[in-house]
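Shown next, in structure tokens, is the structure this report addresses.
Letters go in sequence order (proteins before strands), and every chain restarts at 1. As a basis for the values below, the full set of heavy atoms in this structure was taken, side chains included, without hydrogen atoms, waters or symmetry mates.
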Amino acid sequence: MKQLFGLNKFILILISVVSFSSCQKVVNIDLNSSAPQIVIEGEVSDQPGPYTVVLTKTVNYDQSNTFPPVQGASVTINDDAGNSELLIEASPGVYKTINLQGVVGRTYTLNVVADNKDYQAVSKLNSPVNIDTLDAENASGFGGGGGGGGNSGPKSKVVIAKFTDPIGIVNYYRFMESINGITTTSINITSDNLRDGTLIEQRLRTNSDVKILPFDSVSIQLRSIDFGVFEYFRTFNRTGGGAFNSSTPANPSSNISNGALGYFSAYSVKSKSIVIQ
Amino acid sequence: MKKITVFIICLCCSLMGTAQTAKFTISGYVKDAKTGEEIIGANVSIKELAATGVNTNAYGFYSITIPAGKYTVQAQYIGYSIHLDTIDLKQNTKIDFLLTEKINQLNEIVVTSERKDENVTSIQMGVNKLDIQQIKNIPVLFGEKDILKTLSLLPGVKSAGEGSSGFYVRGGSADQNLILLDEATVYNASHLLGFFSVFNSDAIKDVTLFKGSQPAEYGGRLSSVLDIKMKDGNDKHYIVSGGVGIISSRLNLEGPIVKNKGSFIISARRTYADLFLKLSRDSATRQARLYFYDVNAKANYKLNDKNRLYLSGYFGKDVLGFGSTFGINWGNATGTLRLNHLFNEKLFSNTSLLFTNYDYKINANFGGNPLDIISRIQDYGINEDFQYFVNTKNKIKFGLTSTFHKIIPGAITSSSNSPISKLHLDNKYAWESAIYASHEIKVTELFNIEYGVRLSSFSLIGPGSFHTYDTEGNILDTSTYSSGQFVKTYYNLQPRLSANYILNERNSIKVSYGRNTQNLHLISNSTSGNPTDLWIPSSNNVKPEICDQVSLGYFKNIKDNMYEFSTEVYYKTMQNQVDYKDGAQLNLNANIESQLLYGIGRAYGIEVYFKKKYGRLNGWIGYTLARTEKQINGINNTNWYPAKQDRTHDVSIVIIYDLSKKWTVSATWVYYTGNAVTFPSGKYMVAGQVVNYYTERNGYRMPAYHRLDLGATWQGKKTDKYETSWNFSVYNAYGRENAYSITFKQDPNDPTKTQAVQTTLFRWVPSLTFNFKF
């Protein structure tokens, strides 16, 4: 649904045409510094562990992109079946499970104690959904995946994942795309809103610097996520501070308590691969 | 309600009781001698009697009641010769004035206001009238003269920025302006996502903006009323006029239906910017559609001396599209049917039936599944207004208004075999009514007061299910109502007061207070306004917005009214302001009210206006120093923070100079503090991406904006039959790179760093327009 209202690209075309004199330049903006804030990124899945929880901190905007790890924190994950595990710090800021195995249908709770503050998040591990087929088509300039349209080089492709949504229950999905073994960072999510129980075709948007070309091997993970994680990524996409007509920039709405940034996601996975023709 | 009626009746009786000596009424219309158009706001006065001046109303009607005797009656208006008539008043008398426009304005002192000293003597403050003639000479983007953009050059009125025809009045947001076209509400005043306004100035007769306390006949929005009246058309000759510009053209046709009894006017515009798209090298851009058109039409017919009928309408459409994959079109339509009826020389009435429609339609076809989304707001209304000209000291206005609103928040339709199911959010129905009365009284020759009251009601009507929400946005309770059942009704009493104390001929002090309420709220999650922004009615969750404003002003005329100076201070408090949560889902959301947050607002400032009215060199300087703040539960820890439209300084300078009989040159310069904006104060890594970290909403400022525009008009040969002119302009003459947006992204040369990128829209935009009339 989002792309229906994604007038942004159109407005860009409009502006570049109407205002033949528009231009962009890098400017110096004097931004405030901010007190470092904890960032938590944790996952549990139906695949074999270990599962990882990464703790880092924010830095000021003018600093380089190295984010200090949060060390010596107490990180536990427990489920609603009475299992509980204290994670060990495998490397600075990276905490891993040893025995825990994610099980479909269970609800997982993450507890983090760091710098004398408690953070908690809850996520449910929903049932997996199979990908029926993967297809690829030329990226159009508008309304589909990024990267396409331009006149330079060979046409980039977009991958379309087709799957049958289970009827009668609300489902939320996140797609992970790997091109020749390298996982891209684009956020692709969807839900079965307005199309419960139907065959869903999802065009997977890529960032403009990613190109999918013939003979590339692309593998897609279809992750069944819960509402809290879906909301995190939905607001992540919306509030990132885009250029035109976007909503007022804000931090994504996290499912973690006490003001922490990031998310905690339990999910199940089904995968499929395709070699682009 | 009863109390008010009784009050009015008592008032009328007491006023009539004073009329004991033999008094008679002079009444009639003031018109343009050449076109037959009624003149709004022309001044009619009795030379022998001080302080008898009255202004013609919106239909050019005036009425003066004075004792029997011999008098000289005079009528005057902007740029027209004064017309005098002597009369021996023994009975009620009808006098129509035909005023002649002064053709050669050069080197001549011309009356450029209703009355030379209107600034000082009128009771109104916080009112701006735009002179349509003057708009022609002010340079604008693409040479398309635009009343909304010209309005933003006045103090207290701020442009919402480039790429937006929205405007902010005294700290109010863009949706808090009531925009009326022949009394019908215009919900979206933008064409092409805001680069143009929907008002074709060829079809416009009169533009008045009320930014302070509004007269009691207006209501429904918090900040201002922009009252736009269409031309009636020439009732003597057929005239064709128009203009050809770089990206748009206009054509205007007017003439008599029956000579001196009725006339019509039709004005149309079409842009052709999309032709440029076809020239693009990019195949994607070549497929784009992008244009708008609009039509204004009006007809009037004088049934007899006491009755006159008007029918007017507007229709406009914007079309954006991209091949067969995506299209959006939107537009306004308004219709007004009016009957002016004169009960007698003193009692004037107008009855209007009104219709307004605003809708947008999106069609999309991704992956072979076409679907349509529509959304619409429709109004059906009636206005009944009375003006009672009691005597030269008292004037009473009263009336009622009633409007039925129908809102379709969003509906999806798709082909029957499409996997996407249909969705139809519940239609919303509301009924909004008001009664009002006001009394303008000249207490002494130097002290005038206008006071009034407006009682409004707003009812949300079934059918439908209506939820109540907790502060988290979870549904607490649901009630179902059947068709026509009242879900929630709000009554609001809105007192209004303006007073003017004339210190002497050249100086006066004015004060005003007014309360306004607003029951339709625009929910917009975009920074500049989208056609898809949604109007929602007050409901069991959303309360009416209320604003109280006090203002105080000092008005001075200098050098025989050649210069006009005024300064006003204002303070506003606003209740029940609506905002939305971070990342709110607003489109096609059945529970949209769960995404909203509520709070209060305040705005205060000082405006200074200095104008040179006559001479070869004329123009004005406006300056505003202001602050606008909000306090919303759940935003910035519920602390006060600057609203987006908060601008500390705002300066406009407009200069028009008549170089010769052929050439007029003009320049405008604007400067304003950048809008309050949200920038990141840090960053972090999540999901493999570097993400901005925000600590507060609107904690930063965009860079200051300034711009110089230059224009020149060359008047070709002008005869009674034929007239041409060329208009040249340069927008942003010194090429200032004003920031349209600033975004933060990864440095392409150093992935370990991030940078701020500023986008500028317009630098040096020249334009050329050819205008003709025959």
* Output, in order, the C-alpha distance, side-chain angles, deciding distance and verdict of side-chain contact (heavy atoms from CB on, under 4.5 Å) for A:Gln37 and B:Thr695. => CA-CA 10 Å; A:Gln37 174 70 33; B:Thr695 52; over 6 Å; no
* chain B: which of A:Asn28, A:Val59, A:Ile29 shares the most heavy-atom pairs with it under 4.5 Å? -> A:Val59
* Compare all side-chain heavy atoms of B:Glu737 with those of A:Lys25 and state whether any distance is below 4.5 angstrom. => yes
* **Toward chain A, the part of B:Val686 with a non-hydrogen atom under 4.5 Å** => both
* Short side-chain to backbone donor-acceptor contact, A:Glu41 and B:Ala687, under 3.5 Å -> yes
* Asked: Looking at B:Gly688 and A:Thr185, what are the two nearest heavy atoms and their distance?
  -> O-CG2, 3.4 Å
* Asked: Just wondering, are more than 12 heavy atoms of other shown residues or ligands nearer than 6.0 Å to CG in A:Asp115?
  -> no
* Locate the shortest heavy-atom distance separating B:Pro680 from A:Leu31; write the atom from each residue and the value. => O-CD2, 3.4 Å
* To do: With rounding to the nearest 0.5 Å, note down the distance linking OG1 in B:Thr754 to CD in A:Gln63.
  => 10.0 Å
* Structure fact -> Among A:Asn32, A:Asp62, A:Asp30, the residue with the most heavy-atom pairs under 4.5 Å to chain B is A:Asn32
* Using a cut-off of under 4.5 Å on heavy-atom pairs, state which of B:Thr678, B:Asp747, B:Val677, B:Asp750 scores highest against chain A. => B:Thr678
* Asked: Are a donor atom and an acceptor atom from the side chains of B:Lys753 and A:Asn65 found within less than 3.5 Å of each other?
  -> no
* **Heavy-atom pair of closest approach, residues A:Ser34 and B:Ser681** => OG-O, 2.9 Å
* Region of B:Tyr693 that comes under 4.5 Å of a non-hydrogen atom in chain A -> both
* Asked: Among all residues two or more places apart in sequence or in another chain, which pass the side chain to side chain contact (heavy atoms under 4.5 Å, CB included) test with B:Ala676?
  -> B:Pro642, B:Asn698, B:Arg701
* Nearest heavy-atom pair of B:Tyr684 and A:Pro252: which atoms, and what distance? -> OH-CD, 3.7 Å
* **Residue part contacting chain A, namely of B:Val691, when any heavy atom lies under 4.5 Å** => side chain
* Structure fact -> Given A:Thr183, A:Val39, A:Thr184, the one with more heavy-atom pairs under 4.5 angstrom with chain B than any other is A:Val39
* Is a side-chain N or O of B:Lys683 found less than 3.5 angstrom from the main chain of A:Phe67, in a donor-acceptor match? -> no
